[in-house]
Amino acid sequence: MTRLSLASAVLLISALQLIVVDAESFEFKHHNYESMTLLMRRLAAKCPLIFRLSSIGKSVRGRELWVMRVTDHPDITEPGEPRFKYVGNMHGNEVVGRELLLNLLQHLCAEYGSNNTVTRLVDSVDIRILPSMNPDGYEMASPSACGEESGRPNGHYVDLNRNFPDQFLPKEKQPKAEPETKAMMAWIAKEPFVLSANLHGGSVVASYPFDDSAVHHMQGIYSGAPDNDMFKLLAHVYADKHRTMWRGNVCRGDHFPGGITNGAHWYELSGGMEDYNYLHSNCFEITVELSCCKFPPQSQLRTEWLNNRESLLTYMQAVHRGAKGFIRDRVTGHGIRNAVVSVKRINHDVTTAEFGDYWRLLPPGKYLLTAHAKGYDAQTKEVIVPDCADGVTVDFSLRPLAPATATTVATPPAEH
């Protein structure tokens, strides 16, 4: 064989390998509510060792809000295992996230046990995937309509990403929660999620909190959260692994350096879900805009999967970043539930979960972490968070406070 023909053969083999890797065994198509439900049921039956299908509630028109739990022990809660969620299709006409999450489920099911990245991910994270938060809106949307707004709201014609309690709105202006919003709020309160992403469409960018500001200016006002540096890192985790998002100018009119933006700086909105997650739970959530066309033709879905596959997987791995560990009773050794972890100079605390386990997302650096709980002495440790996806383990052992000592107060003798 000549050197030229040998080189050609190597190139051909490499190309064939790429085709095999990229061509995934699943079909790329749009799924309405019935076909989405059928697919999720089939996947739960196909991968029973790692999948559990359930519903967190119903839409206005009675459709289930299906969630797939993906982890190596889906019937139990494992101590020290962080919880992660992806939410898609909050706006019914923004469908790429819905299809990507169905693709992701098929990918996890097919690759678990043979793909090291997928296997480590499923074994170390309690993953929850909700492909459609707004199934009613999807059914009202116009297929292949890139910018049309039909199907954006829910069955009551309410925009769900303006429907959560907002930190900057007075009580009388707070929105009345829709059934889908109530279901999400209850889910967020019940599950100690650590990290999340809300998948949208209409641009290609990773947006981070806050979405609103005290001045309520339409755009151009940067409204950073106390954990602004961590949110920027998380947005970059997604954008940097995306095939095109990092460019920042994929769609007409877009100008997002590095493919990320602060939500309020881009444009303000009140009642958004990513702000609600951060302010009312331990969960850090970003919003990912996936495509210029909100409801692209079916032929584009394979490209969208290839654009986002590595981002979706890498972003889930970021749940391990920062500091994590257990807060225990020094005497009994038992975990302390609802203990608080504070970080000096960052005005945002997290609380421990069922087994006294905690996860505090932090960018690389040196920090002072304090663990405190009612009835215990506080404990502070200096922590160096490395620049790696695995983070650092920091456990705390709190000493119970001594029982209150009765104090006897001498009283003067009574006068007769």
Worksheet item: Is the closest side-chain heavy-atom distance between Arg360 and Val394 below 4.5 Å?
Response: no
Fill in: Over all atoms of both residues, closest heavy-atom pair of Pro82 and Ser124
CD-O, 3.4 Å
Worksheet entry | Beyond-backbone contact of Glu64 with Thr37, side-chain heavy atoms, under 4.5 angstrom | no
Worksheet item: How many angstroms lie between atom CD of Gln174 and atom CD of Glu172, to the nearest 0.5 angstrom?
Response: 9.0 Å
Item to complete: Check whether any side-chain heavy atom of Leu100 sits under 4.5 Å from a side-chain heavy atom of Tyr86, and report yes or no.
Response: no
Worksheet item: Quick check: does any side chain N or O of Asp126 sit under 3.5 Å from a backbone N or O of Phe84, one acting as donor and the other as acceptor?
Response: no
Worksheet item: Just by distance, do the side chain of Thr119 and the backbone of Gly113 share a donor-acceptor pair under 3.5 Å?
Response: yes
Practice prompt. With sequence neighbours left out, write down each residue that passes side-chain hydrogen bond (donor to acceptor under 3.5 Å, both in side chains) with Ser207, or none if nothing qualifies.
Written response: none
Worksheet item: Pairs in or reaching into residues 339-349: which pass salt bridge (Lys or Arg N to Asp or Glu O under 4.0 Å), with residues at least two apart or in two chains?
Response: none
Discussion item. As a quick check of understanding, evaluate side chain to side chain contact (heavy atoms under 4.5 Å, CB included) for Arg321 and Asp387, giving each step before the final call.
Written reply: CA-CA 8 Å; Arg321 284 184 172 267; Asp387 187 10; 3.8 Å; yes
Worksheet item: Which pair of non-hydrogen atoms, one from Asp212 and one from Ser270, has the smallest distance, and what is that distance?
Response: OD2-OG, 3.0 Å
Practice prompt. Could you please spell out the steps behind the ring-ring contact (aromatic ring centres under 6.0 Å, His included) verdict for Tyr276 and Tyr278?
Written response: CA-CA 6 Å; Tyr276 179 85; Tyr278 181 68; over 10 Å; no
Worksheet item: Just wondering, do Tyr315 and His242 contact through their side chains at under 4.5 Å, heavy atoms?
Response: no
Item to complete: Please check if the side chain of Arg98 supplies one atom and the backbone of Asn89 the other of a donor-acceptor pair under 3.5 Å.
Response: no
Discussion item. Walk me through whether His280 and Ile188 qualify under side chain to side chain contact (heavy atoms under 4.5 Å, CB included).
Written reply: CA-CA 8 Å; His280 295 271; Ile188 292 166; 5.8 Å; no
Practice prompt. Pick out which of Glu304, Glu149, Glu289 makes a salt bridge (charged side-chain N to carboxylate O under 4.0 Å, His left out) with Lys294.
Written response: Glu149
Item to complete: Would you indicate whether Tyr222, at its atom OH, is surrounded by more than 12 heavy atoms from other residues, nucleotides or ligands within a distance under 6.0 Å?
Response: yes
Discussion item. Ignoring hydrogens, what is the shortest heavy-atom contact between Phe326 and Phe355? Give both atom names and the distance.
Written reply: CD2-O, 3.5 Å
Practice prompt. Taking atom types as modelled, find out whether Asn163 and Glu178 have a side-chain donor-acceptor pair closer than 3.5 angstrom.
Written response: no
Practice prompt. Drop me the distance from Tyr208's OH to Glu274's CD, to the nearest 0.5 angstrom.
Written response: 10.5 Å
Response to the item:
Distance col, row Arg52:CZ vs Met68:CE, nearest 0.5 angstrom, shows 10.0 Å
Discussion item. As a quick check of understanding, evaluate side chain to side chain contact (heavy atoms under 4.5 Å, CB included) for Asn282 and Trp359, giving each step before the final call.
Written reply: CA-CA 9 Å; Asn282 290 344; Trp359 305 265; 5.9 Å; no
Worksheet item: What is the distance from atom CG of Leu101 to atom CG of Leu312, rounded to the nearest 0.5 Å?
Response: 7.0 Å
Practice prompt. Begin with the C-alpha distance, continue with both residues' side-chain angles, and end with the deciding distance and a verdict on salt bridge (charged side-chain N to carboxylate O under 4.0 Å, His left out) for Lys324 and Asp357.
Written response: CA-CA 8 Å; Lys324 57 190 174 182; Asp357 34 2; over 6 Å; no
Worksheet item: Just checking, is any N or O donor in the side chain of Ser196 or Asn277 under 3.5 Å from an acceptor N or O on the other one?
Response: no
Fill in: Test side chain to side chain contact (heavy atoms under 4.5 Å, CB included) applied to Phe295 and Ser150, Cys146, Pro143, the passing residue
Pro143
Worksheet item: Under a 4.5 Å cut-off applied to non-hydrogen side-chain atoms, are Cys292 and Val204 in contact?
Response: yes
Fill in: Closest contact, heavy atoms only, Arg83 versus Pro192
NH1-CD, 3.3 Å
Fill in: His334 backbone acceptor or donor facing Thr332 side chain under 3.5 Å
yes
Worksheet item: Any side-chain heavy atom of Pro386 within less than 4.5 Å of one from Val392?
Response: yes
Worksheet item: So do the side chains of Asn134 and Ser59 get within less than 4.5 Å of each other, counting heavy atoms only?
Response: no
Practice prompt. Please assess Tyr112 against Asp123 for the test side-chain hydrogen bond (donor to acceptor under 3.5 Å, both in side chains), listing each intermediate value before the final yes or no.
Written response: CA-CA 9 Å; Tyr112 181 74; Asp123 286 350; 2.6 Å; yes
Worksheet, complete the sentence: Taken to the nearest 0.5 Å, the spacing of His107 NE2 from Leu313 CG works out to 5.0 Å
Item to complete: Answer yes when Asp159 and Arg152 have at least one side-chain N-carboxylate O distance shorter than 4.0 Å, and no when they do not.
Response: yes
In residues 374-384, what donor-acceptor pairs under 3.5 Å come from side-chain atoms, sequence neighbours left out?
residue, atom, partner, partner atom, Å
Tyr376, OH, Asp329, OD2, 2.7
Asp377, OD2, Arg399, NE, 3.1
Asp377, OD2, Arg399, NH2, 2.9
Gln379, OE1, Ser397, N, 2.9
Thr380, OG1, Thr370, OG1, 2.7
Lys381, NZ, Asp395, O, 2.5

Item to complete: Please answer whether the main-chain N or O of Phe256 pairs with a side-chain N or O of Thr261 as donor and acceptor at a distance below 3.5 Å.
Response: no
Worksheet item: Between the side chain of His31 and the main-chain N/O of Lys29, is any donor-acceptor distance below 3.5 Å?
Response: yes
Practice prompt. Quick one: closest heavy-atom pair of Gly202 and Cys251, and the distance?
Written response: O-SG, 4.5 Å
Practice prompt. Taking all heavy atoms of Asp166 and all of Leu269, pick out the closest pair and write down the distance.
Written response: OD2-O, 4.4 Å
Practice prompt. Enter the distance from His348:NE2 to Leu361:CG here, rounded to the nearest 0.5 Å.
Written response: 9.0 Å
Fill in: Step-by-step ring-ring contact (aromatic ring centres under 6.0 Å, His included) determination, Phe231 to Phe210
CA-CA 10 Å; Phe231 275 118; Phe210 289 129; 7.8 Å; no
Discussion item. I'd like to know whether CZ of Arg42 has more than 12 heavy-atom contacts from other residues, nucleotides or ligands below 6.0 angstrom.
Written reply: no
Discussion item. Other residues, nucleotides and ligands only: do more than 12 of their heavy atoms fall within 6.0 Å of CG on Asn347?
Written reply: no
Worksheet item: Do Ser35 and Asn32 have side-chain atoms, one donor and one acceptor, less than 3.5 Å apart?
Response: yes
Item to complete: Would you confirm whether Ser114, through its side chain, and Glu111, through its main-chain N or O, come within 3.5 Å as a donor-acceptor pair?
Response: yes
Item to complete: Look at the side chain of Ser55 and the backbone N and O of Gly57, then say whether any donor-acceptor pair between them is shorter than 3.5 Å.
Response: yes
Worksheet item: If you measure only the distance, is there a donor-acceptor pair under 3.5 Å linking the side chains of Thr71 and Glu81?
Response: yes
Worksheet entry | Chi angles and distances behind the side chain to side chain contact (heavy atoms under 4.5 Å, CB included) call for Val319, Ile127 | CA-CA 10 Å; Val319 75; Ile127 303 164; over 6 Å; no
Discussion item. I want to check something: taking the side chain as every heavy atom from C-beta on, are Gln317 and Arg120 in contact at a cut-off of under 4.5 Å?
Written reply: no
Practice prompt. Mark yes or no for whether Thr352, through its side chain, and Ile336, through its backbone, hold a donor-acceptor pair below 3.5 Å.
Written response: yes
